[in-house]
Amino acid sequence: MTRAAHIVILPGDGIGPEIMAPTVELLRRLGSFEFEEHRFGGASIDAHGVPLTDEVLAAARRADAVLLGAVGGPRWESTDPGRPRPEQGLLGLRKGLQLYANLRPVKPFPALYGASPLRPELIDGTDLLVVRELTGGIYFGAKQRTADRASDVCEYTVAEIERIARTAFRSARSRVSSVDKANVLETSRLWREVVRRVHSQEFPQVEVEHVLVDNAAMQLLAAPRHFDVILTENMFGDILSDEAAMITGSIGMLPSASLGADGPGVFEPVHGSAPDIAGRGIANPLAMFLSAAMMLEHGLGLASEAAAVESAVHRALDAGLRTPDLGGDASTSGASRVVLDNL
Ligand code: NAD
Ligand code: IPM
Ligand code: MN
């Protein structure tokens, strides 16, 4: 008999714990997993003074996969650079596990076409993947702050661009749209050069285009179906993926997988801790469920279990399930029950 997969659970803050609880229940229905839960983000700051303790990072390294809710909230917000922030825990975890590739699939469910602000005929057939570089760029460059000045350095190396470009080309079915700001940024000009080289030397059979980020933001709404894989740097990927979420009807629908060259991946919804609705029991748990499905598939090699989760979500939506973010009145627990019933 094979050993039960060992999953580190980091519910985090705000709606994180509210959507994590039913996700663990869902996973328990699918197999026997070993769960190890830890405080993370703001909850860890409150208990230990830091958002990510060495113990939690070590536990994550030992795990087969890490499932994460969301971190952050007004309780820990501050413009004081000396104060610990929940988000630093997330960045530390990504960097600590060297999760350079963040995959954010945007595949709207037909049942939700009406929930999107875009017209159904525009959405129909959209099936794209944002491949976001996750451990470099302006997020991780030197930060400085004095009384009358602040700076964040944006830096990329050739090796960092090469490996994320390879992830994108390997994930593409037809086309990679590499998004940059090469008309202004030096990092983007290096990005474009390296993507061109990786394409011509290693993936000439895949179509490639280079799109400036402002235009890409517009095209994403004008013609989302055009995109197959969107390859982009850390910050552009952060922004474009929240925008792309609205093609699916809600940020509460978008899952993600963060992967490195080896070792465990982190699986988390694209959305945050939603302080405005936290504690009310109305958060949409589906992005979290779909992130668990990505964990089953990409992290644990359990493709049929992953497919079972996806089809349960499909059926629940077809049957009319809608949380408030999708225009309905289902609660988190009600929505979770419907999905579990369809499993
Ligand atoms: P957010 O994604 O938390 O919320 C944006 C809007 O979307 C809110 O109106 C919220 O109610 C709604 N929303 C988000 N998820 C939802 C869900 N599952 N169901 C229903 N509605 C949902 O973004 P924000 O408000 O800008 O950030 C809040 C906090 O979360 C900040 O501290 C931010 O740093 C943090 N954050 C964390 C992560 C993460 O942990 N991965 C991601 C993004 C933001
Ligand atoms: C995300 C979040 C994080 C990011 C924040 C909370 C650090 O917005 O995962 O999209 O910017 O990467
Ligand atoms: Mn984000």
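Read the numbers this way: they start at 1 and go in the same order the structure lists the ligands and their atoms. Below, each value reflects all heavy atoms present in this structure, side chains not excepted, and no hydrogens, waters or symmetry copies.
- Using a 4.0 Å cut-off to heavy atoms of Val270, the atoms of ligand 1 that qualify are 42 (C).
- The presence of a protein heavy atom under 4.0 Å from atom 15 (N) of ligand 1 is confirmed.
- For the atom pair OG (Ser44) and CD (Glu55), the distance works out to 9.5 Å, reported to the nearest 0.5 Å.
- Protein heavy atoms come within 4.0 Å of atom 42 (C) of ligand 1.
- For atom 9 (O) of ligand 1, the nearest protein heavy atom (residue, atom name, distance) is Asp276 OD2, 2.7 Å.
- Remark: minimum distance from atom 4 (O) of ligand 1 to any protein heavy atom is reached at Ala274 CA, 4.1 Å.
- From Leu99, atom CG reaches atom OG of Ser258 across 6.0 Å, with rounding to the nearest 0.5 Å.
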Please evaluate residues Glu193 and Arg196 with respect to the criterion salt bridge (charged side-chain N to carboxylate O under 4.0 Å, His left out), reporting the C-alpha separation (whole Å), side-chain torsions for both, the decisive distance (0.1 Å), and the verdict. CA-CA 5 Å; Glu193 217 172 275; Arg196 273 202 186 114; over 6 Å; no

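- Counting heavy-atom neighbours within 6.0 Å of Arg225 CZ, excluding the residue itself, gives a total above 12.
- Ranking protein heavy atoms by distance to atom 11 (O) of ligand 2, first place goes to Tyr139 OH, 2.5 Å.
- Geometrically, ligand 1 and Ile282 share no nitrogen or oxygen pair separated by less than 3.5 Å.
- A cation-pi arrangement, defined by a distance under 6.0 Å to the six-membered ring centre and an angle within 45 degrees of its axis, is present between Arg163 and Tyr100.
- Within the 4.0 Å heavy-atom shell around ligand 1 one finds Pro275.
- Among residue pairs with one or both ends in residues 300-343, those qualifying as ring-ring contact (aromatic ring centres under 6.0 Å, His included) are Phe109-His314; sequence neighbours excluded.
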Output, in order, the C-alpha distance, side-chain angles, deciding distance and verdict of salt bridge (charged side-chain N to carboxylate O under 4.0 Å, His left out) for Asp64 and Arg3. CA-CA 11 Å; Asp64 293 310; Arg3 170 181 82 82; 3.1 Å; yes

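- Among protein heavy atoms, atom 29 (C) of ligand 1 sits closest to Ser273 OG, 3.3 Å.
- Judged by a 6.0 Å distance limit and a 45° cone about the ring axis, Lys95 is positioned over the six-membered ring of Phe140.
- Between Tyr156 and Trp191, the ring planes lie perpendicular to each other; the angle is over 60°, past the 30° to 60° tilted range.
- Between the CZ atom in Arg75 and the OG atom in Ser273 there is a gap of 13.0 Å [rounded to 0.5 Å].
- Taking every heavy atom of Glu268 and a limit of under 4.0 angstrom, the matching atoms of ligand 1 come to 39 (C), 41 (N).
- Once rounded to the nearest 0.5 Å, the distance linking CG of Leu134 with CG of Leu90 reads 8.0 Å.
- Those atoms of ligand 1 with a heavy atom of Leu90 less than 4.0 angstrom away are 39 (C), 40 (O), 41 (N).
- Here Met288 has no heavy atoms under 4.0 Å from ligand 1, in either its backbone or its side chain.
- For ligand 1 and Gly72, the ligand atoms under 4.0 Å from any heavy atom of the residue are 32 (O).
- Summarising the geometry of Ser32 relative to Ala4, their closest heavy-atom pair is O-CB, 3.2 Å, with the distance given to 0.1 Å.
- Looking only at protein heavy atoms, the nearest one to atom 7 (O) of ligand 1 is Ile251 CG2, 3.4 Å.
- Going from atom CZ of Phe40 over to atom NE2 of His48 covers 12.0 Å, rounded to the nearest 0.5 Å.
- There is no protein heavy atom closer than 4.0 angstrom to atom 26 (O) of ligand 1.
- Between the CD1 atom of Ile45 and the CZ atom of Arg39 there is a distance of 13.0 Å, given to the nearest 0.5 Å.
- The distance from ligand 1 to the heavy atoms of Ala70 drops below 4.0 Å at these ligand atoms: 40 (O).
- Counting only protein N, O or S atoms, the number found under 2.8 Å from the Mn ion (ligand 3) is 1.
- Not close to ligand 1: Leu286, with no non-hydrogen atom less than 4.0 angstrom away.
- Between Glu233 and Cys154 there is a side-chain heavy-atom pair separated by less than 4.5 Å.
- Comparing Arg94, Glu87, Glu268 against atom 3 (C) of ligand 2, the shortest heavy-atom distance belongs to Arg94.
- The distance criterion of under 3.5 Å between nitrogen or oxygen atoms is met by Arg104 with respect to ligand 2.
- Residues Gly73 and Pro275 come closest through the heavy atom pair CA-CG, 4.2 Å.
- For ligand 1, the polar-atom distance check against Ile15 finds no nitrogen or oxygen pair separated by under 3.5 Å.
- The proximity of Arg132 to ligand 2, defined as any non-hydrogen pair under 4.0 Å, is limited to the side chain.
- Within the 4.0 angstrom cut-off, atom 31 (C) of ligand 1 has one or more protein heavy-atom neighbours.
- A pairwise comparison of heavy atoms in Val195 and His210 identifies CG1-CE1, 3.9 Å as the closest pair.
- Looking at atom 2 (C) of ligand 2, its nearest protein heavy atom turns out to be Asp238 OD1, 4.0 Å.
- Shortest contact from atom 34 (O) of ligand 1 to any protein heavy atom: Glu87 OE2, 2.5 Å.
- The shortest contact between atom 21 (N) of ligand 1 and any protein heavy atom is with Ile277 CD1, 3.6 Å.
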Stepwise side-chain contact (heavy atoms from CB on, under 4.5 Å) test for Leu30 and Leu343: CA-CA 9 Å; Leu30 285 168; Leu343 198 64; 4.1 Å; yes

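- For Glu18 (side chain) and Gly279 (main-chain N/O), a donor-acceptor pair under 3.5 Å exists by modelled atom type.
- Geometrically, ligand 2 and Asn234 share no nitrogen or oxygen pair separated by less than 3.5 Å.
- Checked by atom type and distance alone, the side chain of Glu297 never pairs as donor or acceptor with a backbone atom of Leu300 at under 3.5 Å.
- Taking atom 5 (C) of ligand 2 as the reference point, the nearest protein heavy-atom neighbour is Leu90 CD2, 4.2 Å.
- In this structure, atom 36 (N) of ligand 1 has a protein heavy-atom contact shorter than 4.0 Å.
- The protein non-hydrogen atom at the shortest distance from atom 1 (P) of ligand 1 is Gly272 N, 3.5 Å.
- If you check which protein heavy atom lies closest to atom 19 (N) of ligand 1, you get Asn284 N, 2.9 Å.
- Residue Asp325 approaches ligand 1 through these ligand atoms, each under 4.0 Å from one of its heavy atoms: 20 (C), 21 (N).
- Here the shortest heavy-atom pairing between Met253 and Thr248 reads CB-OG1, 3.4 Å.
- When each atom of ligand 1 is checked for a heavy atom of Ala283 under 4.0 Å away, the hits are 19 (N).
- The minimum heavy-atom distance linking Glu87 with Gly72 is given by the pair OE2-CA, 4.0 Å.
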